[in-house]
Amino acid sequence: MRITSVNAAVTGGGAERVSRSLHEEYLARGHESWLLVGNRNAECASTLEIPNERYRNPWARSVRRVAAAASRRNNVDGDAWWYTDRALRAAAQPLRYSRVARGHEDFDHPATPHLLGLTPQPPELLHLHNLHGSYFDIRALPALADAVPTVMTMHDAWFLTGHCAHPFECNGWLSGCETCPHLDRYVPLYADESAANFALKRQVLRDSRVAIATPSRWLMDMVERTGVLG
């Protein structure tokens with residue numbers, strides 16, 4: 001079988017370990033497996049970095065290259081190169097960064113609709129892991145799931161909330177995250193547009209023919225309480 005797995009990075013926390021170990025097991029069992037990541041931060045067989053920069057417009061690509069050079073020169077947050085990097089990124093894509101500043105999560109990642117064409121052969125199964133990490137456009141999920149059978153392993157509750165990976169004692173995810181009292185929780189927001197983020201995610205889940213898996217009964221209980229499983 002041809003299997004494409006998607007995650008934010010090769011190494012990191014539990015989601016990275018799970019996605020990498022599953023990918024390596026697929027290879028060991030003779031499947032044609034590829035791991036697509038937002039950040040290829042380590043070597044791993046049959047791993048590709050998702051080329052979002054390739055699909056940006058020429059202006060954004062050129063300015064962001066200069067920003068990347070500034071980023072490599074900064075030694076500490078808040079120095080001149082740090083501010084230069086941030087200013088250039090905002091100048092490259094002003095609408096994108098103004099939305100982020102207003103509290104919208106960043107889904108401007110134009111390679112996502114092209115995921116199925118990034119490997120030598122289109123996959124027969126798409127296995128999604130963590131989709132937060134500023135690399136994946138969830139708005140493309142319904143079309144991807146229509147094109148190929150898709151499984152999404154939710155390693156945390158991010159897709160069920162207005163931004164946070166774990167709501168802890170907050171039950172806002174049950175009522176729409178109208179006003180978020182914890183904007184600094186991972187994944188943090190600059191301002192409170194958690195209700196809009198929540199509404200978009202919920203609509204995407206309802207529109208997508210995706211099988212959902214979780215590593216715990218607790219998290220699957222959360223999924224079931226949302227009603228997105230139909």
Side-chain angles (χ1 to χ4, degrees), residues 6-9 11-19 37-39 52 71 74 76-79 82-83 85-87 89-90 93-109 112 128-142 152-208 210 212-230:
V6 177
N7 199 24
T11 62
E16 287 76 21
R17 290 194 297 272
V18 169
S19 63
V37 294
N39 176 20
N52 281 303
S71 177
N74 83 282
V76 62
D77 287 356
D79 70 7
W82 186 89
Y83 282 110
D85 170 35
R86 296 314 190 264
R89 291 179 186 274
Q93 297 176 279
L95 293 178
R96 174 187 179 188
Y97 285 98
S98 66
R99 283 180 55 79
V100 171
R102 296 196 306 271
H104 295 274
E105 293 189 281
D106 182 18
F107 298 130
D108 188 356
H109 307 295
T112 306
L128 306 174
H129 293 272
N130 273 353
L131 301 184
H132 54 78
S134 195
Y135 78 101
F136 191 94
D137 186 349
I138 67 168
R139 296 168 295 187
L141 184 54
M152 178 164 58
T153 297
M154 289 187 180
H155 295 270
D156 55 40
W158 173 81
F159 222 125
L160 308 177
T161 74
H163 74 92
C164 62
H166 194 315
F168 293 97
E169 77 289 346
C170 179
N171 288 319
W173 61 277
L174 289 171
S175 57
C177 292
E178 290 91 350
T179 302
C180 179
H182 304 293
L183 296 180
D184 58 338
R185 284 183 178 171
Y186 180 78
V187 181
L189 297 179
Y190 288 106
D192 193 1
E193 280 291 348
S194 53
N197 298 327
F198 174 94
L200 174 60
K201 293 176 186 177
R202 195 55 50 89
Q203 191 61 53
V204 165
L205 285 176
R206 288 172 176 156
D207 291 345
S208 302
V210 175
I212 297 176
T214 64
S216 69
R217 180 68 249 180
W218 169 83
L219 186 53
M220 183 55 72
D221 285 342
M222 288 186 67
V223 175
E224 291 173 347
R225 291 176 72 184
T226 67
V228 297
L229 296 180

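- Counting only heavy atoms from C-beta outward, the side chains of Met152 and Ser208 never approach each other to under 4.5 Å.
- Judged by distance alone, the side chain of Asn130 and the main-chain N or O of His132 form no donor-acceptor pair under 3.5 Å.
- Remark: side-chain polar atoms of Thr226 are paired, donor with acceptor, to backbone N or O of Val223 under 3.5 angstrom.
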Practice task
Decide side-chain contact (heavy atoms from CB on, under 4.5 Å) for Val18 and Thr153; before the verdict, give the C-alpha distance in whole Å, the side-chain angles of both, and the deciding distance to 0.1 Å.
Solution key: CA-CA 10 Å; Val18 169; Thr153 297; 5.6 Å; no
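- Between the Lys201 side chain and the Trp158 main chain, a donor and an acceptor come within less than 3.5 Å of each other.
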Exercise for the section: Decide side-chain contact (heavy atoms from CB on, under 4.5 Å) for Asn39 and Tyr135; before the verdict, give the C-alpha distance in whole Å, the side-chain angles of both, and the deciding distance to 0.1 Å. Expected result: CA-CA 8 Å; Asn39 176 20; Tyr135 78 101; over 6 Å; no
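- Residues Leu183 and Pro188 have side chains not in contact (no heavy-atom distance under 4.5 Å, counting atoms from C-beta outward).
- Panel note: side chain Asp106, backbone Arg96; no donor-acceptor pair is recorded below 3.5 Å.
- A side-chain donor-acceptor contact under 3.5 Å links His163 to the backbone of His182.
- Thr112 places none of its side-chain heavy atoms less than 4.5 Å from the side chain of Phe107.
- Under a 3.5 Å cut-off, the side chain of Asn197 and the backbone N or O of Glu105 do form a donor-acceptor pair.
- Rounding to the nearest 0.5 Å gives a distance of 6.0 Å between NE2 of His129 and CG of Asn7.
- Checking side-chain atoms of Glu224 against main-chain N and O of Asp221 turns up no donor-acceptor pair under 3.5 Å.
- Residues Asp156 and His166 have side chains not in contact (no heavy-atom distance under 4.5 Å, counting atoms from C-beta outward).
- The main-chain N or O of Leu160 is found under 3.5 Å from a side-chain atom of Arg202 such that the two form a donor-acceptor pair.
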Using residues 174-181 as the side-chain source, report each donor-acceptor pair under 3.5 Å to any protein atom, sequence neighbours left out, with the distance given to one decimal.
from	atom 1	to	atom 2	distance (Å)
Ser175	OG	Gly172	O	3.4
Ser175	OG	Glu178	OE1	3.4

